[in-house]
Amino acid sequence: MKIFIDTANLAEIKEAASMGLLDGVTTNPSLVAKEGLEFKPLLKEICKLVDGDISAEVVATDTEGMLREGRDLAKIDAKIVVKVPLTKDGLKAVRTFAAEGIRTNVTLCFSPTQALLAAKAGAYIISPFVGRLDDISSDGMGLIQQILTIYDNYEFDTQVLVASIRHPMHVVDSAMMGAHIGTMPFSVITQLIKHPLTDLGLERFLSDWKKSQK
Ligand code: E4P
């Protein structure tokens with residue numbers, strides 16, 4: 001499973017990339033706004049740091065506007081994947097982008113029917129938001145299983161990116177189900193590494209070693 005970081009923070013991206021485990025980056029308008037930096041220069045910097053897909057979202061809500069913004073974003077770097085919301089206008093834009101060879105990440109997916117339509121429109125990536133579904137007492141990971149089954153039934157090439165990951169169990173379940181990508185905040189990437197028995201074991205090894213050196 002590919003691991004993406006869900007942030008527009010350069011320090012976090014740099015740190016995660018230095019661990020050698022980063023396969024890509026997802027950004028969204030909220031994450032970019034938090035950084036208080038200009039969008040395009042920020043994307044250029046991110047592209048320099050990571051060798052993988054970098055999702056950049058359009059903010060237009062009409063097809064023509066999405067196409068204009070998306071074509072512009074795609075020109076920044078070959079790594080850019082244009083993120084488009086899962087609306088009727090968005091799906092129209094996805095079809096045109098696919099015909100032009102521009103890769104899309106269809107975002108804000110909350111149902112299997114939305115995911116089916118995104119794949120039929122030619123999405124490169126679909127982003128179902130598991131955490132936000134769990135927040136309203138729905139089964140986020142259940143949606144991932146449904147989408148994987150549907151895509152498998154019809155051999156769609158669209159990659160399933162598990163978005164809105166909140167904790168390591170979302171990552172474990174995604175990997176068990178065979179999702180293609182998981183995108184997560186830096187804090188979750190760090191949690192994936194940690195285990196109290198690793199810390200305790202290391203502490204014991206080092207203290208035993210020290211004692212033997214006296
Ligand atoms: C995905 O691309 C989104 O940026 C993201 O995963 C949303 O996560 P949130 O629900 O924690 O905001």
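For ligands, and for the atoms within them, numbers begin at 1 and follow the listed sequence. Computation of the quantities below employed the complete heavy-atom set of this structure, encompassing side-chain atoms and omitting hydrogens, waters and symmetry-equivalent molecules.
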* **Thr183, any N or O under 3.5 Å of ligand 1 N or O** => no

* To do: Heavy-atom contacts with Asn28 under 4.0 Å: which atoms of ligand 1 show up? List them by number with element.
  => 3 (C), 4 (O)

* **Nitrogen or oxygen of Arg166 less than 3.5 angstrom from that of ligand 1** => yes

* To do: Using a cut-off of 6.0 Å, state whether more than 12 heavy atoms not belonging to Asp139 lie near its atom CG.
  => yes

* Structure fact -> Tested for side-chain contact (heavy atoms from CB on, under 4.5 Å) against Val58, the lone hit among Glu69, Arg68, Lys83 is Glu69

* Give the atoms of ligand 1, by number and element, whose distance to some non-hydrogen atom of Thr26 is under 4.0 Å. => 2 (O)

* Run down the list Ser127, Ala163, Pro185, Ser164 and name the one with the heavy atom closest to atom 8 (O) of ligand 1. => Ser164

* Asked: After noting the C-alpha distance and the side-chain angles of Thr96 and Arg71, does the key distance pass the side chain to side chain contact (heavy atoms under 4.5 Å, CB included) rule?
  -> CA-CA 11 Å; Thr96 304; Arg71 287 174 186 139; 3.9 Å; yes

* **Distance from atom 7 (C) of ligand 1 to nearest protein heavy atom, with residue and atom** => Phe129 CE2, 3.5 Å

* **Separation between CG of Asp23 and CD1 of Ile5, rounded to the nearest 0.5 Å** => 12.0 Å

* Asked: Does Asp6 have a non-hydrogen atom less than 4.0 Å from ligand 1?
  -> yes

* **Proximity flag Met184 to ligand 1, non-hydrogen atoms under 4.0 Å** => no

* Structure fact -> re atom 12 (O) of ligand 1, the protein heavy-atom contact at minimum distance is Arg132 NH2, 2.8 Å

* To do: Find out whether Lys92 and Leu67 are in side-chain contact, i.e. whether some heavy atom of one side chain is under 4.5 Å from a heavy atom of the other.
  => no

* To do: Would you please say whether a donor-acceptor pair under 3.5 Å links the side chains of Tyr124 and Asp53?
  => yes

* Atoms of ligand 1, numbered as shown, that sit under 4.0 Å from any heavy atom of Lys83 -> 1 (C), 2 (O), 3 (C), 4 (O)

* To do: Say whether Thr183 and Thr26, considering side chains only, have a donor N or O and an acceptor N or O under 3.5 Å apart.
  => yes

